[in-house]
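The structure under discussion appears below in the form of structure tokens.
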2 protein chains.
Amino acid sequence: MEHKKVTIYDLAREAGVSTATVSRVIAGNYPVSQGTREKVQQIIDHYNYHPNALARTLSNKKSKLIGFITPAITNPFFSQVFVEVEKSALEKGYSVLLGNSLNDREIEARYIRMLLEQQAEGIILLGGLINDSNPDLERVQELIAIQKRTKLVMINGSVEGMGNCSISTDEAAGMRLIIDHLVRQGHRKIGLIGGVKGITTTDIKVSTFKAELKKHQLIFRKSWQCYSEYSIEGGEDGFKQLMSLNKEVPTALIGINDMVGVGMIKASKRYPNQHFAFVGFDDTSLAQTSSPELTSVRHPYEELGKRAIEMMEANAKAQHVMLAPSLVVKESTVKSINRV
Amino acid sequence: MEHKKVTIYDLAREAGVSTATVSRVIAGNYPVSQGTREKVQQIIDHYNYHPNALARTLSNKKSKLIGFITPAITNPFFSQVFVEVEKSALEKGYSVLLGNSLNDREIEARYIRMLLEQQAEGIILLGGLINDSNPDLERVQELIAIQKRTKLVMINGSVEGMGNCSISTDEAAGMRLIIDHLVRQGHRKIGLIGGVKGITTTDIKVSTFKAELKKHQLIFRKSWQCYSEYSIEGGEDGFKQLMSLNKEVPTALIGINDMVGVGMIKASKRYPNQHFAFVGFDDTSLAQTSSPELTSVRHPYEELGKRAIEMMEANAKAQHVMLAPSLVVKESTVKSINRV
DNA sequence: CTGTTAGCGCCTTCAT
DNA sequence: ATGAAGGCGCTAACAG
């Protein structure tokens, strides 16, 4: 660990050239004669020299660093998106600094400050602060302030009236896929469980749910839709509530996300005589580990990550892109599915 | 976004003081008169000034940045550890740069280079390259080279003969907890499924498993222990193999980790007439989302994160700490457990 | 308490 | 193709 730092000065001296030349061979894209290039390169290798990225950024203003802030990296949905963002970033030569805000506004703010101070070239926001249907003013101000200093891209969320970029999955379309599938399976009594009113993605799903039922001439029964946390427990509670409140229950139940879907499946095991179809949302790893495996709406994860990075790089402003999801059908809605 | 960068020079000019003074009020821990401090602070606020962390680090050599490299952040075990590391780091004023190597040595190497160039004060390794029981020489050389440039801490893994620091869970103790528990539940026929021979953590578990069986005077039957991938599929395959190879099967099955445990549970549903007890390892979120919920060995996650950061800060060398795990008993081994 | 002045390590014109 | 030199923004002696 006590390796005296070697700098381009040392290399230059040793090679008998100027620091500028060394810098050029490191950058690679400058005219340097074959001979000197090789000599310098050799010395670089010999010292196992690593350029100081900080000094470089200080000088040329390109940190090649982007920040990614999310409330819970342990949540499979968030981590799957993160991984795709990271991949795309790597391809373009960026590093990603992950900030896990733990749903705490202070930590979130702290990460943002940190990223700004690290000269991040952009910040990507996923979940958390960007998902309120009616964000409080203070929050918006905060975001606008950030935007003055760095590029801001939101994934699956956006805030009214601040010309930022965002990339999202068309969750309304996802809901339509679900209803179509269930109807095609013969279901006419469908319920929707979970989510928090006022959170954009939930609001979209609920309103689309209602509209689709109407379109298919199915009735929307108020007690067949209830809110709850975005968690396994939320799903269990929602299911219990549904069962206790109704004498007539749905034959198919949609969870606002996979966790809720899995929670419902767990809770339903107490009613071995009744059969339900279950659907989730996000198609996270959870949807594959549950049994039965959970039919779910899949985000175009890879595309989401790619576009987020592209938007970061582009200097277009206020661009909102929406991507189509797909439905991944599994055992929870179709019994006879063969595992591959 | 086009906010002309304001520097301490601007602030100094505006406040009619020197840059040193501005720097002092920012640092906070230097003597500055009440009056000037307030004046400067006011100007800082007014400009919504953020110091350039790179310039600072370049000057004072403290990046307050640490790197964390893991092969798959989508794996709940790794992400749970990461979160705890991050928390502890935050508390001590560090930021954590996450590198997700996707089990690819090149990406891993690239992250390491990146972190070195970003002047990370330390690198924490979890999983991946540090888990071979017999690491190839090249790899060790690599690690040693890194160690010359920055502090290296390994979590749940270590490499022979390079005086680094490591912090691990005592997985042998974990295996003992499992066997004790199963024996107490009356099991005398126990199997162990999953893992890859040559990976340290697996080797430890397998050899302890054998030793414990002997201690309890239970026989170790070769066909009741098999290797497989660390995945749901691995668990399913292992279980199928077990069922097809034996006429007499164990009553209790241990998975090398939770994924394997859950995979076995899934596969076992094809044998509704036979009852098995299942145990997993790591007590990740998977162990709670499965049904039945999976009894599992829990790592002291928080402590693991805390110690890792402490080790990073300390300049002690070659310290290996081992922490005791605990057994979290759930439905998969004790039917009558009441959910809390 | 506060100002002056070197760096920190690298990049980038501008000459040569 | 290569060298000289200023500058990026901040900190840390060293004076005063």
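Labels below follow one simple rule: chain letters A, B, ... track the order of the sequence lines, proteins then strands, and each chain is numbered from 1.
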Think Lys61(B) has a side-chain N or O under 4.0 angstrom from the OP1 or OP2 of dA12(D)?
no
Counting side-chain heavy atoms from C-beta on, which of dA4(D), dT11(D), dC10(C) comes nearest to Ala20(A)?
dA4(D)
Of all the nucleotides listed (dC1(C), dG3(D), dC10(C)), which has the minimum atom distance to the side chain of Val17(A)?
dG3(D)
Minimum-distance nucleotide (side-chain atoms of Arg24(A) versus dA4(D), dG3(C), dG9(D))
dA4(D)
Does Thr36(B) make a side-chain N or O approach to OP1 or OP2 of dT2(C) shorter than 4.0 Å?
yes
From CD1 of Ile44(A) across to P of dC10(C) the rounded distance in Å is 10 Å
Does a side-chain N or O from Thr57(B) land closer than 4.0 Å to OP1 or OP2 of dC8(C), or not?
no
To the side chain of Ser59(A), which of dT11(D), dG9(C), dA5(D) is closest?
dG9(C)
Looking only at dC8(D), dC11(C), dT2(D), the nucleotide nearest the Leu58(A) side chain is dC8(D)
Side chain of Thr21(B) only, heavy atoms from C-beta on: which candidate in dT12(C), dC10(D), dT2(C) is closest?
dT2(C)
Atom-to-atom span, CG of Asn29(B) to P of dT2(C) - whole angstrom
15 Å
Protein-nucleotide distance (Gln119(B), atom CD; dC10(C), atom P), rounded to Å
8 Å
Side-chain donor or acceptor of Tyr9(A) under 3.5 Å from a matching atom on the base of dC8(C)?
no
Donor + acceptor pair across side chains of Gln42(A), Glu38(A) (<3.5 Å)
no
Answer yes or no: does a side-chain N or O of Ser18(B) lie under 4.0 Å from OP1 or OP2 of dG3(C)?
yes
To the side chain of Ser23(A), which of dT12(C), dA1(D), dG9(C) is closest?
dT12(C)
Measure up the Phe77(B) and His299(B) rings against each other and bin them: parallel (under 30°), tilted (30 to 60°), perpendicular (over 60°).
tilted
Ignoring backbone atoms, establish whether Tyr30(A) has a side-chain N or O less than 4.0 Å from OP1 or OP2 of dT2(D).
no
From C-beta outward on Thr19(A), which listed nucleotide comes closest to its side chain: dC10(C), dT2(C), dC11(C)?
dC11(C)
Nearest to the side chain of Ala55(B), heavy atoms from C-beta on, is which of dC10(D), dT2(D), dG9(C)?
dC10(D)
